[in-house]
Every structure is written in structure tokens, then in C-alpha cells.
Amino acid sequence: MSAVLKEYPRQDNDAVEGLKVEYLQALRLVERLHRLLLDVIKDEFDRLGQSELNSVQALLLYNIGTSELTAGELRTRGYYLGSNVSYNLKKLVDMGYIHHKRSDTDRRSVRISLTERGRDACDVVTELYERQLKSLETVGEVNERDTRALNLSLMRLERFWSDQIRYRL
């Protein structure tokens with residue numbers, strides 16, 4: 001038992017409280033940023049007069065891109081909720097944004113890819129991101145070094161949360 005105490009030294013209360021404040025703020029920012037991203041995407045489609053597509057569906061099309069994959073692979077890749085993906089994929093097929101066909105190897109599995117219309121919607125998101133990149137540093141005051149540090153922190157947080165689930169910590 002004393003070995004465990006030596007491995008994990010106690011932190012002083014000020015350090016713990018400071019970490020708590022920063023961690024909780026980071027959680028709120030992650031949630032808020034995701035919602036804002038969806039709002040930015042929706043606003044872009046509304047501006048172009050393409051309001052039948054919601055922002056979650058547009059982001060789904062962007063994440064499919066040029067790939068042909070299954071709904072399960074899309075869930076794994078994008079960390080979407082299962083029922084959310086299934087519902088949106090069905091809507092996207094019905095609206096003509098996605099092709100779907102049974103897999104040749106596993107008839108239970110359905111492979112999806114973008115139609116021409118889906119590729120056009122994907123291009124809208126790509127062009128939006130490209131436009132934002134042009135002003136990210138000058139207007140947003142976010143440079144490559146900032147983004148690299150942010151990505152490193154987010155990847156560490158992702159690994160931490162994954163380990164919490166995987167190892168039931």
C-alpha cells in the first residue's frame with residue numbers, strides 16, 4: 001500500500017482546485033465549441049439556400065467524403081451515436097445524398113458512399129473550412145503552434161476518457 005502512495009504523491013489543495021476550475025471550463029468549452037461548429041455549418045447551408053440539410057447531416061457527409069464504408073465504420077470514425085447515425089443515414093438516402101448497397105461479402109452489412117449531390121454538400125463544408133483557414137490566424141489569433149498544442153491536449157483527454165471506460169477507472 002505504501003508503494004501506491006509513493007507513486008501518486010498528494011497534491012496540495014490549491015493545485016487540485018486550480019486543475020478542477022480549468023478542467024470544468026475545458027469541458028464546457030468542448031461542448032459549446034461543438035454546438036458552435038454545427039451552427040456555423042448550418043448558417044453556411046442556409047446562406048446558400050440549402051436549408052433542407054441540417055448541420056449534423058452535413059458534417060456526416062463531410063466525414064464520409066470519398067470513402068465507401070458501413071454505418072458501423074462511420075460510428076467508429078466519427079463517434080456518432082448509433083441511432084443518430086442510422087436515422088440521419090436513412091434521411092440522407094431518402095433525400096438523395098447517399099448511395100447504399102448491400103456488401104458483397106456480408107449481406108447483413110450496408111456500404112454507403114456519397115452521390116453527386118452528397119459530394120456537392122461535402123464540398124460546401126470543405127470550402128467553408130478552407131475559407132476559415134485563411135483568416136484563422138489574422139482574425140481568430142490562432143496559429144499552427146496553438147492548434148498543435150490544443151490537439152495534443154485534446155488527444156490526451158480523449159485517451160484519458162477512453163481509458164476511464166476501457167479500464168473502468
**Item:** Glu68: salt bridge (charged side-chain N to carboxylate O under 4.0 Å, His left out) partners, not counting sequence neighbours
**Value:**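 Here the qualifying residues are Arg111.
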
**Asked** Considering residues at least two apart in sequence or located in another chain, which fulfil the salt bridge (charged side-chain N to carboxylate O under 4.0 Å, His left out) criterion with Arg148?
**Response**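 Applying salt bridge (charged side-chain N to carboxylate O under 4.0 Å, His left out) to Arg148 gives Glu144.
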
[X] [atom1] to [Y] [atom2] distance, which is reported to the nearest 0.5 Å:
X	Y	atom1	atom2	answer
Ile98	Leu74	CD1	CG	8.0 Å
Glu141	Glu137	CD	CD	10.0 Å
Glu127	Glu130	CD	CD	8.5 Å
Ser153	Leu150	OG	CG	6.5 Å

**Prompt:** Going through the distances and angles, do Ser86 and Arg75 end up as a side chain to side chain contact (heavy atoms under 4.5 Å, CB included)?
**Reply:** CA-CA 10 Å; Ser86 298; Arg75 274 192 300 274; 4.3 Å; yes

**Pairs involving residues 44-53, ordered by first then second residue, that meet side chain to side chain donor-acceptor pair (under 3.5 Å) (sequence neighbours left out)** =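 Passing the test, one end in residues 44-53: Lys42-Asp46, Asp43-Arg47, Glu44-Arg47, Glu44-Arg131, Glu52-Tyr97, Glu52-Arg117.
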
**Message:** If hydrophobic residues (ILVMFWY) are linked whenever their side-chain heavy atoms come closer than 4.5 Å, directly or via other members, who joins Val16 in its cluster?
**Reply:**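 Members besides Val16: none; it forms no cluster.
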
**Prompt:** Using links of under 4.5 Å between side-chain heavy atoms of ILVMFWY residues, direct or through other members, which residues join Trp161 in one cluster?
**Reply:**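 In the cluster with Trp161 are Tyr23, Leu24, Leu27, Leu157, Phe160.
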
**Request:** Could you tell me which non-hydrogen atom of Arg119 sits nearest to which non-hydrogen atom of Leu114, and how far apart they are?
**Result:**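 Between these two residues, the closest heavy atoms are NH1-O, 2.9 Å.
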
**Asked** Considering all heavy atoms of both residues, which atom of Leu69 and which atom of Glu73 are nearest to each other, and what is their separation?
**Response**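 So the minimum-distance heavy-atom pair works out to CB-OE1, 2.9 Å.
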
**Message:** Show, in sequence, the C-alpha distance, side-chain angles and deciding distance for Arg166 and Asp163, and conclude whether the salt bridge (Lys or Arg N to Asp or Glu O under 4.0 Å) test is met.
**Reply:** CA-CA 5 Å; Arg166 182 177 301 120; Asp163 289 349; 3.1 Å; yes

Transitive ILVMFWY side-chain link [X] to [Y], under 4.5 Å:
X	Y	answer
Tyr129	Val40	yes
Leu136	Ile41	no
Met95	Leu48	yes
Leu29	Val142	no
Leu128	Leu37	yes

Taking only distance into account, with no hydrogens and no angle test, what donor-acceptor pairs under 3.5 Å do side-chain atoms of residues 53-61 form with protein atoms, sequence neighbours excluded?
residue, atom, partner, partner atom, Å
Asn54, OD1, Val56, N, 3.0
Asn54, OD1, Gln57, N, 2.7
Ser55, OG, Leu38, O, 3.4
Gln57, OE1, Asn54, N, 3.0
Gln57, NE2, Asn88, OD1, 3.1

**Reference residue Lys90; test side-chain contact (heavy atoms from CB on, under 4.5 Å); the match among Leu92, Asp94, Val93** =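 Running side-chain contact (heavy atoms from CB on, under 4.5 Å) over Leu92, Asp94, Val93 with Lys90 returns exactly one hit, Asp94.
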
**Request:** Quickly, which of Lys101, His99, His100 forms a side-chain contact (heavy atoms from CB on, under 4.5 Å) with Ile112? Name it, please.
**Result:**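 Only one of Lys101, His99, His100 forms a side-chain contact (heavy atoms from CB on, under 4.5 Å) with Ile112, namely His100.
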
**Prompt:** Could Arg28 and Glu31 be called an ion pair, given the rule that one side-chain N must be under 4.0 Å from one carboxylate O?
**Reply:**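 No salt bridge links Arg28 with Glu31.
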
